[in-house]
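Some notes on the structure that comes next.
In what follows, chains are A, B, ... by sequence order, proteins preceding strands, each numbered from 1.
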Protein chains: 2
Amino acid sequence: MPFLEKKKKALDEKSPVPLHVQLTAILEKQIESGYFNKKIPSERELMETYHVSRSTVRVAVLTLVQEGILEKRHGKGTFVSNKPVQGWLKITNDTENSAEQDIKLLDYRRILTPDHIKLKLEYENECYYIERLMLTDQTPVAVERHYYPTEAHIKINASGSEQIISCEPVNKTDAENLKITRGMYVLSSESIMYSSNGDLVEYCKGLFRPDLSPIHLKMSRNTLTKCEKRYPIDLI
Amino acid sequence: MPFLEKKKKALDEKSPVPLHVQLTAILEKQIESGYFNKKIPSERELMETYHVSRSTVRVAVLTLVQEGILEKRHGKGTFVSNKPVQGWLKITNDTENSAEQDIKLLDYRRILTPDHIKLKLEYENECYYIERLMLTDQTPVAVERHYYPTEAHIKINASGSEQIISCEPVNKTDAENLKITRGMYVLSSESIMYSSNGDLVEYCKGLFRPDLSPIHLKMSRNTLTKCEKRYPIDLI
DNA sequence: TTCGATTTGTACGTATGTATT
DNA sequence: AAATACATACGTACAAATCGA
């Protein structure tokens, strides 16, 4: 029987896995569990808690910064990032930033999960449904349909997503909303977002007028550098 | 008149800009100029050359590693990355990896630059033109049209790109090649790739059958994690 | 195969600078 | 002005991977 060891957080110096990797893992778990509200302990505090040097702490923290999980602010501290995973597909309304953006709520209710969504929502029977019309200078440019699991936390930050882009003929209602003729095609974007523990957070399907809102990606060697904005999702 | 100073590479300790930032800039320039063939000097050599500590060298190199410009290999050294920027849009042929991929060359010649491309190719009068048909299991799924500046180096690595995705009605020839009926819509992807010094390397327009090859993006918080493959571009 | 040399990885320590509160 | 937090920079030492003699 082991001694009374309540200090579960301790690094194993004899382990072949490096100290900074162990520390990274501990921090990541604590962050996921919501143990830190927004700010994590300072480098000095982490040094003392885990009996490691400052450089070890810095490497561990840096790893999580690179993964987008933490953010450092000089003179202030290190904070849990609330940068969501969404926001990579920039809708380049040809009319530039000066344009007036607007969102019109078309529908919002709790519904029985449609069959074709069920698979993606992990077979939940009910879900929340939001349908919105996006406008730029009073011109409709997109329709978005969001589906959320009923027990999902509101305002959770997604940590991963998948997106499938295609095009398809528009149906009657959407055509009317987008003010285009029936039979025209629209750009479609299906996206599924996951939380850090793998749960599904949201399924969304967007239909875009290809003439008014193509999808614009800007990339450098390692990352997407400029696809800042998707329409924000503010749950009521 | 300045003294005879051939030693252009020296860091300014009194400068407000950190040493590791200065070193990063020097290395980046040398890399771009092709000064290093593949391997850059070891950490020890850089320490001695620039009279800085190992940690300073490591920070500078790490910066370039994060930007995807360098790659480290334990026990071997640090190397100039040749990971190209292309290869982010994964064409998810619904028929999986097992499927037989094929490319049919439709056209390849030197042409007068079409007007609508001229702007993108920086007003060059002539360019190389390649038109290819992509097939999966003998089924045509996409048409790609590549335009290269005539004096561009072959097999250069792009370091940045922009991509615009939309959809449009297909013309007669493309419809025949893709074996779809005229009037149908296709997914279109315009992409422009730049070299590290900002020169344009390639302009490409791809037309995809939306039913057979939607565009699939997989993302984590900071990066695209799984959009490995675009059709390889092997110049004859 | 073994051994040494080289190179990056890990980890410690110390000191000082700069931003924020 | 002082305390706190991260940034920069120096130093040392040993471990682990690689390669060639």
Between atom [atom1] in [X] and atom [atom2] in [N], what is the gap in whole Å?
| X | N | atom1 | atom2 | answer |
| --- | --- | --- | --- | --- |
| A:Leu62 | D:dC6 | CG | P | 13 Å |
| B:Glu43 | D:dA9 | CD | P | 16 Å |
| A:Lys39 | C:dT21 | NZ | C1' | 11 Å |
| A:Arg73 | D:dT4 | CZ | C1' | 16 Å |
| B:Glu45 | C:dA5 | CD | C1' | 13 Å |
| B:Met47 | D:dA9 | CE | P | 14 Å |

Say whether [X] and [Y], considering side chains only, have a donor N or O and an acceptor N or O under 3.5 Å apart.
| X | Y | value |
| --- | --- | --- |
| A:Thr56 | A:Ser53 | yes |
| B:Tyr203 | B:Glu190 | yes |
| B:His146 | B:Glu144 | yes |
| A:Ser33 | A:Gln30 | no |

Protein N or O to nucleotides 10-12 of chain C N or O, pairs below 3.5 Å:
| from | atom 1 | to | atom 2 | distance (Å) |
| --- | --- | --- | --- | --- |
| C:dA11 | OP1 | A:Leu19 | N | 2.3 |
| C:dA11 | OP2 | A:Leu19 | N | 3.2 |
| C:dA11 | OP2 | A:His20 | N | 3.1 |
| C:dA11 | OP2 | A:His20 | ND1 | 2.9 |
| C:dC12 | OP2 | A:Ser53 | N | 2.9 |
| C:dC12 | OP2 | A:Ser53 | OG | 3.0 |
| C:dC12 | OP2 | A:Thr56 | OG1 | 2.3 |

*Reckon B:Lys76 has a side-chain N or O less than 4.0 Å from the OP1 or OP2 of D:dC19?*
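So the side-chain polar atoms of B:Lys76 do come within 4.0 Å of the phosphate oxygens OP1 or OP2 of D:dC19, strictly under.
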
_Quick test of your reading of the model: are A:Glu71 and A:Lys76 salt-bridged, counting only N-O distances below 4.0 Å?_
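Between A:Lys76 and A:Glu71 there is no salt bridge, as every charged N stays at least 4.0 Å from the carboxylate O atoms.
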
*Who does D:dA1 pair with, Watson-Crick or G-U, both distances under 3.5 Å?*
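Looking at the geometry, D:dA1 pairs with no nucleotide.
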
